[in-house]
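Indexing begins at 1, ligand by ligand and atom by atom, following the structure's order.
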Amino acid sequence: MRTYLVTGGAGFIGSNYIHYMFKKYDKEIRIINVDALTYAGNLENLKDIEKRDNYTFVKADICDKEAISRVFAENDIDRVVHFAAESHVDRSIKHPEVFVQTNVLGTAVMLNCAKAAWELPDGSFKADKKFLHVSTDEVYGSLSEDGGYFYETTPYAPHSPYSASKAGSDMLVKAYMDTYHFPANITNCSNNYGPYQFPEKLIPLIINNALQGKKLPVYGDGRNVRDWLYVEDHAKAIDMVQEKGRLFETYNVGGHNEKQNIEIIHIILDTLQEMLPDDDPRKALVSEDLITYVEDRKGHDRRYAIAPDKIKAEIGWEPETCFKDGIKKTIAWFFEHEEWLKNVTSGDYQKYYEDMYHTK
Ligand code: NAD
Ligand code: DAU
(Lines give C-alpha, C1' and ligand atoms only; values in the text may rest on other atoms or scores of the structure.)
(Ligands and ions follow the chains in the order given, each with its own letter.)
Protein backbone atom coordinates (compact mmCIF):
# COMPACT_ATOMS: atom_id res chain seq x y z
CA MET A 1 0.00 0.00 0.00
CA ARG A 2 1.39 3.40 -0.99
CA THR A 3 1.82 5.92 1.84
CA TYR A 4 1.30 9.65 1.22
CA LEU A 5 2.56 12.39 3.50
CA VAL A 6 0.35 15.42 2.86
CA THR A 7 1.36 18.71 4.48
CA GLY A 8 -1.28 21.38 5.08
CA GLY A 9 -4.09 18.85 4.59
CA ALA A 10 -6.41 20.70 6.97
CA GLY A 11 -6.43 23.77 4.71
CA PHE A 12 -8.57 24.51 1.67
CA ILE A 13 -6.81 22.71 -1.18
CA GLY A 14 -5.15 20.08 1.02
CA SER A 15 -8.47 18.90 2.47
CA ASN A 16 -10.07 18.80 -0.99
CA TYR A 17 -7.08 16.78 -2.22
CA ILE A 18 -7.42 14.28 0.64
CA HIS A 19 -11.14 13.86 -0.10
CA TYR A 20 -10.36 13.42 -3.79
CA MET A 21 -7.67 10.81 -3.11
CA PHE A 22 -9.84 8.69 -0.79
CA LYS A 23 -12.72 8.90 -3.26
CA LYS A 24 -10.43 7.70 -6.02
CA TYR A 25 -8.19 5.16 -4.25
CA ASP A 26 -10.25 4.30 -1.12
CA LYS A 27 -8.28 1.60 0.73
CA GLU A 28 -5.42 1.33 -1.76
CA ILE A 29 -3.52 4.20 -0.14
CA ARG A 30 -2.64 5.51 3.29
CA ILE A 31 -2.52 9.25 4.04
CA ILE A 32 -0.65 10.96 6.86
CA ASN A 33 -1.71 14.58 7.16
CA VAL A 34 0.81 16.88 8.85
CA ASP A 35 -0.62 20.27 9.71
CA ALA A 36 0.20 22.90 12.33
CA LEU A 37 -3.44 24.04 12.43
CA THR A 38 -2.84 27.74 11.97
CA TYR A 39 -5.91 29.98 11.59
CA ALA A 40 -6.29 28.44 8.09
CA GLY A 41 -6.24 24.80 9.22
CA ASN A 42 -9.57 23.33 10.18
CA LEU A 43 -10.08 19.69 11.12
CA GLU A 44 -13.80 20.04 10.49
CA ASN A 45 -12.82 19.96 6.80
CA LEU A 46 -11.87 16.30 7.32
CA LYS A 47 -14.58 15.23 9.74
CA ASP A 48 -16.01 12.56 7.43
CA ILE A 49 -12.69 10.80 6.90
CA GLU A 50 -11.02 11.17 10.29
CA LYS A 51 -12.06 7.68 11.45
CA ARG A 52 -10.65 5.82 8.44
CA ASP A 53 -7.96 3.39 9.50
CA ASN A 54 -5.83 4.40 6.50
CA TYR A 55 -5.76 8.08 7.61
CA THR A 56 -3.63 9.66 10.36
CA PHE A 57 -3.47 13.25 11.50
CA VAL A 58 -0.24 14.61 13.00
CA LYS A 59 -0.24 18.09 14.46
CA ALA A 60 3.19 19.47 13.63
CA ASP A 61 4.87 22.54 12.22
CA ILE A 62 6.80 21.88 9.01
CA CYS A 63 9.60 24.05 10.41
CA ASP A 64 10.05 21.57 13.27
CA LYS A 65 12.89 19.31 12.04
CA GLU A 66 12.52 16.75 14.83
CA ALA A 67 8.79 16.32 14.35
CA ILE A 68 9.07 15.97 10.56
CA SER A 69 12.06 13.56 10.79
CA ARG A 70 10.02 11.46 13.20
CA VAL A 71 7.16 11.16 10.70
CA PHE A 72 9.63 9.91 8.07
CA ALA A 73 11.38 7.59 10.57
CA GLU A 74 8.14 6.02 11.76
CA ASN A 75 6.57 5.57 8.32
CA ASP A 76 7.80 4.38 4.96
CA ILE A 77 6.67 7.43 3.00
CA ASP A 78 6.31 6.95 -0.77
CA ARG A 79 4.86 10.30 -1.80
CA VAL A 80 5.04 13.76 -0.32
CA VAL A 81 2.44 16.30 -1.43
CA HIS A 82 3.50 19.61 0.07
CA PHE A 83 0.66 22.13 0.44
CA ALA A 84 1.48 23.66 3.85
CA ALA A 85 2.07 27.37 3.48
CA GLU A 86 0.91 30.78 4.50
CA SER A 87 -1.31 31.52 1.51
CA HIS A 88 -3.00 34.92 1.75
CA VAL A 89 -1.42 37.88 -0.08
CA ASP A 90 -3.01 40.58 2.12
CA ARG A 91 -1.66 38.93 5.28
CA SER A 92 1.81 38.73 3.68
CA ILE A 93 1.77 42.49 3.12
CA LYS A 94 1.11 43.03 6.84
CA HIS A 95 3.26 40.21 8.28
CA PRO A 96 5.90 39.07 5.79
CA GLU A 97 8.18 37.22 8.25
CA VAL A 98 5.87 34.27 8.92
CA PHE A 99 5.64 33.74 5.14
CA VAL A 100 9.42 33.44 4.88
CA GLN A 101 9.48 31.16 7.92
CA THR A 102 6.80 28.69 6.79
CA ASN A 103 7.07 28.88 3.03
CA VAL A 104 10.85 28.99 2.66
CA LEU A 105 12.26 27.45 5.82
CA GLY A 106 9.40 24.95 6.15
CA THR A 107 9.98 23.76 2.58
CA ALA A 108 13.71 23.42 3.30
CA VAL A 109 12.89 21.21 6.30
CA MET A 110 10.50 19.08 4.22
CA LEU A 111 13.11 18.64 1.48
CA ASN A 112 15.89 17.80 3.92
CA CYS A 113 13.84 15.25 5.83
CA ALA A 114 12.61 13.57 2.63
CA LYS A 115 16.14 13.50 1.23
CA ALA A 116 17.53 11.99 4.45
CA ALA A 117 14.83 9.30 4.45
CA TRP A 118 15.02 8.42 0.77
CA GLU A 119 18.74 8.76 -0.08
CA LEU A 120 20.85 5.61 -0.52
CA PRO A 121 24.56 5.42 0.49
CA ASP A 122 25.67 6.02 -3.13
CA GLY A 123 23.70 9.29 -3.33
CA SER A 124 20.90 7.88 -5.48
CA PHE A 125 17.32 7.62 -4.19
CA LYS A 126 15.14 4.65 -3.28
CA ALA A 127 12.91 3.63 -6.17
CA ASP A 128 9.48 5.17 -6.70
CA LYS A 129 9.74 7.97 -4.12
CA LYS A 130 8.31 11.33 -5.20
CA PHE A 131 7.95 14.80 -3.72
CA LEU A 132 5.39 17.18 -5.21
CA HIS A 133 5.69 20.85 -4.31
CA VAL A 134 2.41 22.72 -4.74
CA SER A 135 3.06 26.25 -5.90
CA THR A 136 1.35 29.19 -7.49
CA ASP A 137 1.19 31.19 -10.72
CA GLU A 138 1.96 34.33 -8.67
CA VAL A 139 5.69 33.52 -8.82
CA TYR A 140 5.64 34.66 -12.47
CA GLY A 141 4.56 38.19 -11.54
CA SER A 142 1.95 40.16 -13.44
CA LEU A 143 0.76 40.14 -17.07
CA SER A 144 -0.51 43.13 -19.01
CA GLU A 145 -4.20 43.41 -19.84
CA ASP A 146 -3.45 43.07 -23.56
CA GLY A 147 -2.41 39.45 -23.47
CA GLY A 148 0.29 36.91 -22.88
CA TYR A 149 0.34 33.82 -20.68
CA PHE A 150 2.50 32.26 -18.00
CA TYR A 151 4.47 29.30 -19.38
CA GLU A 152 6.78 27.02 -17.40
CA THR A 153 9.65 28.94 -19.01
CA THR A 154 8.39 32.39 -17.96
CA PRO A 155 11.02 34.02 -15.71
CA TYR A 156 10.10 34.41 -12.05
CA ALA A 157 9.14 37.98 -11.05
CA PRO A 158 7.22 37.84 -7.76
CA HIS A 159 5.87 41.09 -6.26
CA SER A 160 4.26 40.33 -2.90
CA PRO A 161 5.99 38.85 0.15
CA TYR A 162 3.70 35.82 -0.38
CA SER A 163 4.74 35.22 -3.97
CA ALA A 164 8.39 35.99 -3.18
CA SER A 165 8.35 33.36 -0.43
CA LYS A 166 6.68 30.82 -2.74
CA ALA A 167 9.28 31.64 -5.43
CA GLY A 168 11.99 31.02 -2.82
CA SER A 169 10.47 27.64 -1.98
CA ASP A 170 10.24 26.71 -5.69
CA MET A 171 13.90 27.64 -6.13
CA LEU A 172 14.87 25.37 -3.24
CA VAL A 173 12.99 22.45 -4.82
CA LYS A 174 14.70 23.18 -8.16
CA ALA A 175 18.08 23.33 -6.36
CA TYR A 176 17.47 19.91 -4.75
CA MET A 177 16.53 18.44 -8.14
CA ASP A 178 19.60 19.96 -9.83
CA THR A 179 22.10 19.30 -7.06
CA TYR A 180 21.04 15.92 -5.70
CA HIS A 181 18.78 14.63 -8.46
CA PHE A 182 16.10 14.65 -5.78
CA PRO A 183 12.89 13.08 -7.20
CA ALA A 184 10.44 15.97 -7.30
CA ASN A 185 7.94 17.92 -9.37
CA ILE A 186 6.56 21.43 -9.02
CA THR A 187 3.06 22.51 -9.99
CA ASN A 188 2.22 26.20 -10.42
CA CYS A 189 -1.52 26.68 -10.26
CA SER A 190 -3.87 29.60 -10.77
CA ASN A 191 -6.60 30.80 -8.35
CA ASN A 192 -8.68 27.99 -6.85
CA TYR A 193 -12.24 28.19 -5.56
CA GLY A 194 -14.65 25.64 -4.09
CA PRO A 195 -15.73 23.98 -0.82
CA TYR A 196 -13.80 24.65 2.42
CA GLN A 197 -12.15 27.86 1.18
CA PHE A 198 -11.41 30.24 4.04
CA PRO A 199 -13.63 33.33 3.73
CA GLU A 200 -10.72 35.78 3.59
CA LYS A 201 -10.30 34.95 -0.12
CA LEU A 202 -12.35 36.77 -2.76
CA ILE A 203 -15.01 34.19 -3.71
CA PRO A 204 -16.03 32.87 -0.26
CA LEU A 205 -15.75 36.40 1.16
CA ILE A 206 -18.20 37.76 -1.41
CA ILE A 207 -20.63 34.84 -0.91
CA ASN A 208 -20.50 35.21 2.87
CA ASN A 209 -20.84 39.01 2.91
CA ALA A 210 -23.60 39.11 0.28
CA LEU A 211 -25.72 36.60 2.21
CA GLN A 212 -25.48 38.84 5.28
CA GLY A 213 -26.08 42.11 3.41
CA LYS A 214 -22.53 43.25 4.23
CA LYS A 215 -20.38 45.44 1.97
CA LEU A 216 -18.49 43.73 -0.86
CA PRO A 217 -14.99 45.27 -0.92
CA VAL A 218 -13.51 45.70 -4.41
CA TYR A 219 -9.82 46.60 -4.47
CA GLY A 220 -8.84 49.43 -6.86
CA ASP A 221 -10.88 49.55 -10.07
CA GLY A 222 -11.99 45.90 -9.83
CA ARG A 223 -10.50 45.09 -13.22
CA ASN A 224 -7.63 42.89 -12.03
CA VAL A 225 -7.85 39.52 -13.73
CA ARG A 226 -7.44 36.08 -12.18
CA ASP A 227 -7.69 32.66 -13.86
CA TRP A 228 -10.13 30.61 -11.74
CA LEU A 229 -10.00 26.83 -11.35
CA TYR A 230 -12.40 24.58 -9.44
CA VAL A 231 -10.40 23.01 -6.60
CA GLU A 232 -11.23 19.39 -7.49
CA ASP A 233 -9.63 19.94 -10.90
CA HIS A 234 -6.46 21.06 -9.11
CA ALA A 235 -6.53 17.94 -6.88
CA LYS A 236 -6.85 15.79 -9.99
CA ALA A 237 -3.95 17.60 -11.69
CA ILE A 238 -1.68 16.98 -8.69
CA ASP A 239 -2.51 13.29 -8.69
CA MET A 240 -1.98 13.03 -12.45
CA VAL A 241 1.40 14.79 -12.26
CA GLN A 242 2.57 12.29 -9.63
CA GLU A 243 1.24 9.37 -11.65
CA LYS A 244 2.14 10.38 -15.18
CA GLY A 245 4.43 13.41 -15.07
CA ARG A 246 8.11 13.34 -15.89
CA LEU A 247 10.24 13.68 -12.75
CA PHE A 248 12.10 17.00 -12.28
CA GLU A 249 9.54 18.86 -14.43
CA THR A 250 7.35 21.82 -13.60
CA TYR A 251 3.72 21.82 -14.75
CA ASN A 252 1.48 24.89 -14.92
CA VAL A 253 -2.13 24.22 -13.93
CA GLY A 254 -4.91 26.63 -14.95
CA GLY A 255 -8.49 26.80 -16.02
CA HIS A 256 -8.35 29.08 -19.10
CA ASN A 257 -10.97 30.95 -17.18
CA GLU A 258 -9.85 34.55 -16.91
CA LYS A 259 -12.22 36.98 -15.26
CA GLN A 260 -12.04 40.47 -13.82
CA ASN A 261 -12.80 40.64 -10.09
CA ILE A 262 -15.85 42.80 -10.71
CA GLU A 263 -17.20 40.19 -13.17
CA ILE A 264 -16.76 37.50 -10.51
CA ILE A 265 -18.74 39.58 -8.03
CA HIS A 266 -21.60 40.10 -10.51
CA ILE A 267 -21.69 36.39 -11.34
CA ILE A 268 -21.87 35.52 -7.63
CA LEU A 269 -24.68 38.02 -7.02
CA ASP A 270 -26.67 36.76 -10.03
CA THR A 271 -26.14 33.12 -9.05
CA LEU A 272 -27.18 33.77 -5.45
CA GLN A 273 -30.37 35.46 -6.70
CA GLU A 274 -31.05 32.51 -9.00
CA MET A 275 -30.41 29.85 -6.34
CA LEU A 276 -32.06 31.40 -3.26
CA PRO A 277 -35.75 30.47 -2.93
CA ASP A 278 -38.19 33.41 -3.03
CA ASP A 279 -39.19 32.95 0.61
CA ASP A 280 -35.57 33.03 1.86
CA PRO A 281 -35.06 36.32 3.76
CA ARG A 282 -31.45 36.51 2.53
CA LYS A 283 -32.69 37.07 -1.03
CA ALA A 284 -33.60 40.66 -0.23
CA LEU A 285 -30.13 41.32 1.20
CA VAL A 286 -28.21 40.20 -1.90
CA SER A 287 -27.79 43.35 -3.95
CA GLU A 288 -25.38 45.18 -6.25
CA ASP A 289 -25.70 48.15 -3.90
CA LEU A 290 -23.36 46.29 -1.54
CA ILE A 291 -20.45 46.66 -4.00
CA THR A 292 -17.95 49.07 -2.42
CA TYR A 293 -14.75 50.21 -4.09
CA VAL A 294 -11.93 50.41 -1.55
CA GLU A 295 -8.23 51.31 -1.54
CA ASP A 296 -6.18 49.08 -3.82
CA ARG A 297 -3.97 46.26 -2.53
CA LYS A 298 -0.32 47.41 -2.36
CA GLY A 299 1.66 46.06 -5.34
CA HIS A 300 -1.56 44.54 -6.74
CA ASP A 301 -0.74 42.24 -9.69
CA ARG A 302 -2.90 43.21 -12.67
CA ARG A 303 -3.45 39.93 -14.46
CA TYR A 304 -2.63 36.23 -14.10
CA ALA A 305 -3.24 33.72 -16.88
CA ILE A 306 -1.81 30.22 -17.09
CA ALA A 307 -0.98 28.41 -20.31
CA PRO A 308 -1.75 24.79 -19.34
CA ASP A 309 -0.47 23.45 -22.69
CA LYS A 310 2.29 21.26 -21.23
CA ILE A 311 0.15 19.41 -18.68
CA LYS A 312 -2.50 18.85 -21.35
CA ALA A 313 -0.06 17.58 -23.98
CA GLU A 314 2.09 15.40 -21.73
CA ILE A 315 -0.37 14.16 -19.16
CA GLY A 316 -3.80 14.67 -20.69
CA TRP A 317 -5.09 16.86 -17.83
CA GLU A 318 -7.81 19.38 -18.57
CA PRO A 319 -10.23 21.15 -16.23
CA GLU A 320 -13.59 19.38 -16.07
CA THR A 321 -15.70 21.96 -14.27
CA CYS A 322 -16.61 25.16 -16.09
CA PHE A 323 -16.95 28.31 -13.99
CA LYS A 324 -20.74 28.47 -14.30
CA ASP A 325 -21.08 24.97 -12.80
CA GLY A 326 -18.22 25.39 -10.34
CA ILE A 327 -19.64 28.55 -8.82
CA LYS A 328 -23.07 26.91 -8.48
CA LYS A 329 -21.51 23.89 -6.74
CA THR A 330 -19.54 26.21 -4.46
CA ILE A 331 -22.58 28.29 -3.51
CA ALA A 332 -24.64 25.13 -2.96
CA TRP A 333 -21.86 23.85 -0.68
CA PHE A 334 -21.91 27.08 1.35
CA PHE A 335 -25.74 26.84 1.64
CA GLU A 336 -25.37 23.29 2.98
CA HIS A 337 -22.54 24.21 5.37
CA GLU A 338 -23.86 27.29 7.15
CA GLU A 339 -22.56 25.87 10.43
CA TRP A 340 -19.05 25.49 8.99
CA LEU A 341 -19.08 29.11 7.84
CA LYS A 342 -20.40 30.32 11.19
CA ASN A 343 -17.73 28.39 13.07
CA VAL A 344 -14.99 29.68 10.81
CA THR A 345 -16.07 33.31 11.00
CA SER A 346 -16.47 33.11 14.79
CA GLY A 347 -13.25 31.14 15.31
CA ASP A 348 -15.14 28.25 16.96
CA TYR A 349 -13.60 25.70 14.62
CA GLN A 350 -10.35 25.91 16.56
CA LYS A 351 -12.21 24.50 19.57
CA TYR A 352 -13.00 21.38 17.52
CA TYR A 353 -9.35 20.34 17.69
CA GLU A 354 -9.09 21.13 21.40
CA ASP A 355 -12.21 19.06 22.15
CA MET A 356 -11.19 16.18 19.93
CA TYR A 357 -7.62 15.89 21.18
CA HIS A 358 -8.29 17.18 24.71
CA THR A 359 -5.54 19.72 24.37
CA LYS A 360 -7.15 22.43 26.45
P1 NAD B 1 -4.69 27.44 3.17
O2 NAD B 1 -4.16 28.70 3.78
O3 NAD B 1 -6.14 27.23 3.07
O4 NAD B 1 -4.10 26.17 3.98
C5 NAD B 1 -2.78 26.11 4.40
C6 NAD B 1 -2.66 24.93 5.37
O7 NAD B 1 -1.28 24.84 5.78
C8 NAD B 1 -3.49 25.11 6.66
O9 NAD B 1 -4.12 23.90 6.99
C10 NAD B 1 -2.45 25.47 7.70
O11 NAD B 1 -2.79 25.08 9.02
C12 NAD B 1 -1.22 24.74 7.20
N13 NAD B 1 0.03 25.35 7.65
C14 NAD B 1 0.36 26.66 7.60
N15 NAD B 1 1.58 26.84 8.15
C16 NAD B 1 2.02 25.61 8.54
C17 NAD B 1 3.21 25.14 9.14
N18 NAD B 1 4.20 25.98 9.49
N19 NAD B 1 3.33 23.81 9.37
C20 NAD B 1 2.34 22.95 9.04
N21 NAD B 1 1.18 23.35 8.48
C22 NAD B 1 1.02 24.66 8.23
O23 NAD B 1 -3.97 27.34 1.77
P24 NAD B 1 -4.54 26.78 0.38
O25 NAD B 1 -5.27 27.86 -0.30
O26 NAD B 1 -5.17 25.48 0.61
O27 NAD B 1 -3.15 26.57 -0.40
C28 NAD B 1 -2.42 25.36 -0.28
C29 NAD B 1 -1.16 25.44 -1.11
O30 NAD B 1 -1.49 25.67 -2.47
C31 NAD B 1 -0.21 26.59 -0.73
O32 NAD B 1 1.10 26.12 -0.83
C33 NAD B 1 -0.50 27.66 -1.75
O34 NAD B 1 0.64 28.47 -1.96
C35 NAD B 1 -0.84 26.82 -2.97
N36 NAD B 1 -1.75 27.45 -3.95
C37 NAD B 1 -2.93 27.99 -3.55
C38 NAD B 1 -3.82 28.50 -4.51
C39 NAD B 1 -5.16 29.08 -4.13
O40 NAD B 1 -5.84 29.64 -4.98
N41 NAD B 1 -5.60 28.97 -2.88
C42 NAD B 1 -3.45 28.47 -5.86
C43 NAD B 1 -2.21 27.93 -6.23
C44 NAD B 1 -1.37 27.40 -5.27
O1 DAU C 1 -3.04 32.83 -8.19
C2 DAU C 1 -2.96 31.88 -7.18
C3 DAU C 1 -3.11 32.55 -5.83
O4 DAU C 1 -4.48 32.91 -5.70
C5 DAU C 1 -2.68 31.66 -4.67
O6 DAU C 1 -1.33 31.38 -4.77
C7 DAU C 1 -2.98 32.35 -3.33
O8 DAU C 1 -2.67 31.48 -2.26
C9 DAU C 1 -4.44 32.70 -3.28
O10 DAU C 1 -4.72 33.42 -2.09
C11 DAU C 1 -4.83 33.54 -4.50
O12 DAU C 1 -4.24 34.87 -4.43
P13 DAU C 1 -5.04 36.18 -4.88
O14 DAU C 1 -4.44 37.34 -4.21
O15 DAU C 1 -5.21 36.23 -6.35
O16 DAU C 1 -6.50 35.81 -4.24
P17 DAU C 1 -7.55 36.67 -3.40
O18 DAU C 1 -8.78 35.83 -3.27
O19 DAU C 1 -6.95 37.23 -2.15
O20 DAU C 1 -7.87 37.88 -4.37
C21 DAU C 1 -8.36 37.66 -5.69
C22 DAU C 1 -8.49 39.02 -6.36
O23 DAU C 1 -9.57 39.75 -5.73
C24 DAU C 1 -7.28 39.91 -6.22
O25 DAU C 1 -7.12 40.67 -7.41
C26 DAU C 1 -7.60 40.84 -5.06
C27 DAU C 1 -9.10 41.00 -5.17
N28 DAU C 1 -9.84 41.19 -3.90
C29 DAU C 1 -9.61 40.30 -2.89
C30 DAU C 1 -10.28 40.40 -1.70
C31 DAU C 1 -10.02 39.44 -0.56
C32 DAU C 1 -10.78 42.19 -3.78
O33 DAU C 1 -11.00 42.99 -4.70
N34 DAU C 1 -11.46 42.29 -2.60
C35 DAU C 1 -11.24 41.45 -1.54
O36 DAU C 1 -11.88 41.63 -0.47
Under 3.5 Å: donor-acceptor pair, side chain of [X], backbone of [Y]:
{"X": "K59", "Y": "L37", "result": "no"}
{"X": "K215", "Y": "T292", "result": "no"}
{"X": "T136", "Y": "N188", "result": "no"}

Value rounded to 0.5 Å, distance of CD1 in I206 from CG in L216:
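Going from CD1 on I206 over to CG on L216, the span is 4.5 Å.
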
Within ligand 1, which atoms have a heavy atom of [X] less than 4.0 Å away?
{"X": "L37", "value": "11 (O)"}
{"X": "N191", "value": "40 (O)"}
{"X": "A60", "value": "19 (N), 20 (C)"}
{"X": "V134", "value": "30 (O), 32 (O)"}
{"X": "K166", "value": "31 (C), 32 (O), 33 (C), 34 (O)"}

Regarding atom 15 (N) of ligand 1: of the candidates I68, V81, V231, T102, which has the closest heavy atom?
T102

Considering both backbone and side-chain atoms of [X], is one of its nitrogen or oxygen atoms within less than 3.5 Å of a nitrogen or oxygen in ligand 1?
{"X": "N42", "answer": "no"}
{"X": "F83", "answer": "yes"}
{"X": "V34", "answer": "no"}
{"X": "D61", "answer": "yes"}
{"X": "T136", "answer": "no"}
{"X": "S135", "answer": "no"}
{"X": "C63", "answer": "no"}

In chain order, what residues pass the salt bridge (Lys or Arg N to Asp or Glu O under 4.0 Å) check against K244, with sequence neighbours excluded?
none

List the closest protein heavy-atom neighbour of [atom]: residue, atom name, distance to the nearest 0.1 Å.
{"atom": "atom 3 (O) of ligand 1", "answer": "F12 N, 3.0 Å"}
{"atom": "atom 43 (C) of ligand 1", "answer": "C189 O, 3.3 Å"}
{"atom": "atom 12 (C) of ligand 1", "answer": "D35 OD1, 3.4 Å"}
{"atom": "atom 40 (O) of ligand 1", "answer": "N192 N, 2.9 Å"}
{"atom": "atom 20 (C) of ligand 1", "answer": "A36 N, 3.2 Å"}
{"atom": "atom 23 (O) of ligand 1", "answer": "S87 OG, 3.3 Å"}
{"atom": "atom 42 (C) of ligand 1", "answer": "S190 O, 3.3 Å"}
{"atom": "atom 26 (O) of ligand 1", "answer": "I13 N, 2.8 Å"}

Are N33 and Y17 side-chain neighbours, meaning at least one heavy-atom pair lies under 4.5 Å?
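Side-chain contact under 4.5 Å: no.
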
Hey, does E232 have a side-chain heavy atom less than 4.5 Å from the side chain of Y20?
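Of all side-chain heavy-atom pairs linking E232 with Y20, at least one is under 4.5 Å.
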
Sidechain N-carboxylate O distance under 4.0 Å for R302, E145:
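Yes, this pair counts.
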
State whether D78 and K129 are salt-bridged, where the test is any N-O pair (Lys NZ or Arg NE/NH1/NH2 against Asp/Glu carboxylate O) under 4.0 Å.
yes

Is NZ or CZ of [X] both nearer than 6.0 Å to the six-membered ring centre of [Y] and within 45° of the ring axis?
{"X": "R246", "Y": "Y251", "answer": "no"}
{"X": "R297", "Y": "Y219", "answer": "no"}
{"X": "K115", "Y": "F182", "answer": "no"}
{"X": "R303", "Y": "Y140", "answer": "no"}
{"X": "R91", "Y": "F99", "answer": "no"}

Any idea which residues sit under 4.0 Å from ligand 2, heavy-atom distances?
S87, H88, V89, T136, D137, E138, Y162, C189, S190, N191, E200, K201, L202, L205, P217, V218, Y219, N224, R226, N261, R297, H300, Y304

With side-chain hydrogen bond (donor to acceptor under 3.5 Å, both in side chains) as the test, would you mind laying out the steps for E44 and N343 before giving the verdict?
CA-CA 10 Å; E44 266 194 74; N343 287 343; 3.0 Å; yes

Using the benzene-type ring in the case of Trp, are the ring centres of F198 and H88 under 6.0 Å apart?
no

Does the ring centre of W333 sit less than 6.0 Å away from the ring centre of Y196?
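Centroid separation for Y196 and W333: below 6.0 Å.
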
Quick one: does [X] get within less than 4.0 Å of ligand 1, heavy atoms only?
{"X": "T7", "value": "no"}
{"X": "G9", "value": "no"}
{"X": "S15", "value": "no"}

Part of [X] with heavy atoms under 4.0 Å of ligand 1, whether side chain, backbone, both or neither:
{"X": "Y162", "answer": "side chain"}
{"X": "T38", "answer": "both"}
{"X": "Q101", "answer": "neither"}

Please name the residue in the list K174, E249, E152, M171 that meets the side-chain contact (heavy atoms from CB on, under 4.5 Å) test with I186.
K174

When K236 is tested against each of E243, E320, E318 for salt bridge (Lys or Arg N to Asp or Glu O under 4.0 Å), which residue passes?
E320

